[in-house]
Structure formats: C-alpha cells, structure tokens
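Heads up: the structure comes next, in structure tokens.
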Amino acid sequence: MTVFGIGVSYGLATLFAMFSGMPIAFALGAVAVVFMGIYMPSASLDTVTQNVYEEMASITLLSIPLFILKGAAIGRSRAGQDLYSAIHAWLHRVPGGLGVANVFACALFAAMAGSSPATCSAIGSAGIPEMRKRGYSGGFAAGIIAAGGTLGRLLPPSSTMIRFAVAAEKSLGRLFLAGIGPALLLVSLFGGYAVIRFRKEYAAARLAYEKTGAESAILVHDEFTMAERFSVLPRVLPFVLLLTGVMIALYGGYATPSETAGLGGLLALILIALIYSVWRPADLAPILRSTVRESTMLMLIIGMSLLYSYVMSYLHISQSAAESVVAMHLPRWELLAAVLVLVVMLGFFLPPVSIILMTAPIILPPLRAANFDIIWFGVVMTIVMEMGLIHPPVGLNIFVIHNVAPDIPLREVIFGTLPFVLLMMLAVLVLCFVPEISTWLPNLIMGPDGSP
C-alpha cells in the first residue's frame with residue numbers, strides 16, 4: 001500500500017476509534033498498536049517502548065503534575081471563592097461588573113492553576129450561582145466561566161505551552177511570556193462582551209418591568225462601602241504573593257520550570273494550610289486524589305500521543321504530509337490559514353496535547369521555511385486550540401460547566417459559549433496584524449530570540 005493509502009487508513013481508523021466512545025488515550029494507543037503490528041517489522045517493535053519512555057522522561061513534563069497539584073490545592077479549598085468575591089466587590093459599579101469580575105477571577109486563577117477544568121470548577125461553583133441569583137441568563141453565565149477557563153491554556157503555567165515548547169524545541173520561559181499579552185487581550189475582549197451583553201439583558205428586563213411590572217434580579221444593584229471593599233483585599237494578597245513568587249523564581253533565573261512548578265505546589269499547600277486550615281490528612285486526601293487522577297489521565301494521553309506520533313513518523317505519514325504542504329507552494333499567510341483550519345478541525349475531536357503531538361512534526365517545518373516566528377505561532381495555535389475547549393463535540397469546559405451547574409441545559413451552555421469563540425477568532429486576527437502583542441514582553445525581558 002502507498003504512503004497516501006496508509007495515511008488515509010490511519011486517519012479513518014483514528015476517527016473510528018474516537019467516535020466509538022473509547023477514551024482518547026486508549027483510542028490513540030489502540031490505533032498505533034494495530035498499525036505497528038501490520039506495517040512495522042518485529043525488530044523495530046523492540047525499540048518502541050524505549051523511544052516512548054525517553055520522550056516521557058523529559059524533565060519539562062515533570063512540571064505538569066506539579067502545576068496540577070498547585071491548581072488542585074487552590075481549587076479544592078475556599079480560595080477560589082474568596083478570590084472571586086474580592087474582585088466582585090471592586091467591580092460591582094461597572095455595568096455587568098459581576099460578569100467582568102468572573103472573567104478577571106478566571107484569569108487570575110488560571111495563572112495559578114494552569115488548568116482550564118480546575119478554573120471552571122473553582123470559579124464556576126461560586127460565580128454561576130451568584131450571576132444566576134442576580135438575573136443573568138444561564139447561557140450568559142455559563143459562557144463567561146467556560147471562556148474564562150480557557151485562559152488556563154494561555155497564561156503560565158500552561159501544560160499546553162509546556163508540551164508545545166518541547167515539541168518545537170523552544171524556550172518555555174519565552175513562550176510563557178509571549179502568552180501574557182494575548183491573554184490580556186482576551187480578558188479585555190471577554191470583559192467588553194460581558195458589559196455589552198449585560199446592557200442588553202438589563203434593557204430587556206427594564207422593558208419587561210415597564211410593560212408588565214415583572215421584576216428581575218438583574219435590575220437590583222449591589223452596594224459595597226469603601227470599608228467593605230478594602231476589607232476584602234487581604235483575600236487577594238495571598239494569591240498575588242503566590243503568583244509573584246512563582247514568576248520571580250522562573251523569570252529571575254532562580255529555578256527551572258520544573259523546579260518552579262514544585263515551588264508553586266509547595267507554596268499553594270502552605271497557603272491553604274495557614275489561611276484555610278487545610279492540613280489534616282482528611283483535608284489533603286481530595287487534593288492528592290484529584291492531582292493523581294488528572295495527572296495520570298494527562299500523562300497517559302501524552303504517552304499514547306507520543307506512540308501515535310512515533311508510528312506516524314515511522315510510516316512516513318508525517319514527512320509525506322509536510323512535503324505535500326510544502327509542494328503546494330502556498331503564500332505564507334494562506335499556509336498559516338490552512339494550518340489553523342486544520343487545528344480547528346482537529347479541535348472538534350482531540351484535546352490540545354494530542355493536537356500538538358500529532359501535528360507539530362507536520363506543520364512546524366513549512367512554517368519555519370515561511371519565516372514565521374514559532375513562538376508567536378505557538379501562542380496563536382494555543383488560542384485556536386482553546387476554541388476546542390468551548391465548542392462541541394469534545395468541548396471539555398462545556399461539560400465541566402454542565403456538571404457545576406446542571407440546572408442550565410446543555411444547549412444553553414453551548415450557545416452561551418459561541419460568542420466567545422468568535423472573540424477568540426478576532427483575537428487571532430488581531431495577533432496576525434499586530435504580532436508585537438505577543439513578542440514585546442519576551443524581547444523586553446529575555447532579549448531578541450536568536451534561535452532559528
């Protein structure tokens with residue numbers, strides 16, 4: 001069979017495994033093992049486990065479970081609710097301030113947890129009931145939290161960016177810094193949409209009140225005295241100290257990313273022990289169980305994705321696809337558009353980690369040849385992959401939100417997230433026209449990138 005035929009059958013087998021309902025890690029592993037048995041000689045099979053082990057033994061990957069520990073420590077305590085409450089007290093005068101507060105709370109929490117599901121769960125469990133209680137529609141409330149949770153993929157520490165840095169052989173610190181500017185852009189877009197959507201729902205509620213006398217909770221204004229607003233600031237200070245300590249250790253050159261992850265996990269455990277009295281074995285058990293469960297799931301996906309990519313490379317599927325893309329001689333921006341459309345299509349079925357591992361060998365060589373900044377592309381690709389977290393059929397954040405707020409129909413959750421998908425597309429366009437948004441900070445702190 002030709003390489004093209006093998007590639008087509010490999011893709012169809014993957015889609016069949018995915019649609020069968022099999023867990024992603026097992027689906028990728030099963031397809032890889034079947035094609036290994038059919039097309040690879042027995043002598044080469046002996047090296048597969050060694051190759052996968054060597055890839056998994058990367059010290060950079062060690063940071064993933066450590067960052068997950070930090071996120072679980074914060075998410076499984078009252079820390080997330082306190083963070084949200086403090087931000088709301090200061091933003092309540094802004095139209096839609098409660099929604100904007102949730103966006104900022106998601107951004108800050110994501111910067112500490114590095115996990116989209118953890119952010120959605122921690123902030124959503126407090127934010128969604130509060131928004132619903134104050135008259136926000138279910139889809140609007142769910143969309144804000146689901147979209148805010150995606151910032152965990154863009155803000156450091158991001159497991160997606162860690163995986164991309166390994167695949168692209170680029171500086172993780174530079175990639176982390178490059179994601180901060182675009183993350184602030186997304187926060188601004190999400191916050192602006194929250195204000196506009198609130199005004200629309202407020203106007204509809206006001207019109208209904210004038211016509212029928214039906215009162216809506218959205219018409220009620222919260223009031224906080226200045227003393228009350230300052231009294232909640234101490235709730236934010238521990239998070240600021242934790243985030244600052246981790247950033248100083250990482251970008252000050254005092255620790256490697258893996259060491260910084262360990263430091264962040266340790267500081268998070270100390271924080272919840274001192275402030276929330278979470279130190280007893282019974283209190284720590286849910287945190288450790290959550291960490292082990294999520295880390296095992298993610299590392300298993302990474303391992304099976306590595307095996308999947310290894311088989312694809314051995315069968316020359318990746319190389320042939322890259323050669324075909326290069327042979328099309330597309331102009332550089334058309335090449336970028338084709339690559340991003342491919343990533344969007346894969347996002348319908350695969351999580352970001354699998355997309356990176358499967359596509360990096362194919363798309364990075366032609367992008368380098370087209371003189372694209374790979375760090376900049378990593379940020380753009382991360383935003384595009386974030387869309388997959390809030391649109392069906394996979395849409396991990398959608399299902400997390402549905403579990404947090406089961407009273408909101410899944411259909412409302414999906415439609416509530418669609419405007420944020422469009423905002424992410426807008427952010428990608430802005431980055432294409434103004435790439436300095438992602439490059440100025442790493443160039444300022446670490447100097448120009450001299451790597452090819």
**Q.** side-chain contact (heavy atoms from CB on, under 4.5 Å) evaluation trace for F176 with S171
**A.** CA-CA 9 Å; F176 275 172; S171 165; over 6 Å; no
Q: Kindly say whether S137 contributes a backbone atom to a donor-acceptor pair with the side chain of E201 at under 3.5 angstrom?
A: yes
Q. Is a side-chain N or O of R368 found less than 3.5 angstrom from the main chain of I374, in a donor-acceptor match?
A. no
Quick check for you: to the nearest 0.5 Å, what is the distance between [X] atom [atom1] and [Y] atom [atom2]?
| X | Y | atom1 | atom2 | answer |
| --- | --- | --- | --- | --- |
| R199 | I196 | CZ | CD1 | 9.0 Å |
| L175 | W376 | CG | CH2 | 13.5 Å |
| F420 | L423 | CZ | CG | 7.0 Å |
| T382 | F377 | OG1 | CZ | 9.0 Å |
| W279 | I270 | CH2 | CD1 | 15.0 Å |
| M161 | K170 | CE | NZ | 14.5 Å |

Q: Begin from the C-alpha positions of V384 and M424 and carry the test side-chain contact (heavy atoms from CB on, under 4.5 Å) through to its verdict.
A: CA-CA 7 Å; V384 173; M424 289 181 177; over 6 Å; no
Q | Derivation and outcome, side-chain contact (heavy atoms from CB on, under 4.5 Å), residues L267 and L271 | A | CA-CA 6 Å; L267 291 177; L271 184 150; over 6 Å; no
Q: For atom CZ of F104, decide whether the heavy atoms of other residues, nucleotides or ligands shown that lie under 6.0 angstrom number more than 12.
A: no
Q) For atom CH2 of W440, is the number of surrounding heavy atoms from other residues, nucleotides or ligands below 6.0 Å larger than 12? A) no
Taking all non-hydrogen atoms of both residues into account, name the closest pair between [X] and [Y] and its distance.
| X | Y | value |
| --- | --- | --- |
| A360 | A167 | CB-CB, 3.8 Å |
| P182 | S438 | CG-CB, 3.7 Å |
| V187 | A107 | CG2-CB, 3.8 Å |
| I144 | A194 | CD1-CB, 4.3 Å |
| A142 | I401 | CB-CG2, 3.7 Å |
| G143 | T417 | CA-CG2, 4.0 Å |

Find out whether [X] and [Y] are in side-chain contact, i.e. whether some heavy atom of one side chain is under 4.5 Å from a heavy atom of the other.
| X | Y | value |
| --- | --- | --- |
| Y10 | V31 | yes |
| I375 | L177 | no |
| I356 | V166 | no |
| N443 | R174 | yes |
| L431 | I383 | yes |
| C432 | W333 | yes |
| L186 | E386 | yes |
| L307 | L28 | no |

Q: Tell me, with the steps shown, if R332 and L336 meet side-chain contact (heavy atoms from CB on, under 4.5 Å).
A: CA-CA 6 Å; R332 67 194 305 261; L336 177 66; over 6 Å; no
Q.
Taking the ring of F198 and the ring of F140, is the distance between their centroids below 6.0 Å?
A. no
**Q.** Residues forming a side-chain hydrogen bond (donor to acceptor under 3.5 Å, both in side chains) with E412, sequence neighbours excluded
**A.** none
Q: Indicate whether the side chain of Y136 and that of R132 have a donor and an acceptor atom separated by less than 3.5 Å.
A: no
Q: Please list, chain by chain and in numerical order, all residues satisfying ring-ring contact (aromatic ring centres under 6.0 Å, His included) with F26, sequence neighbours excluded.
A: none
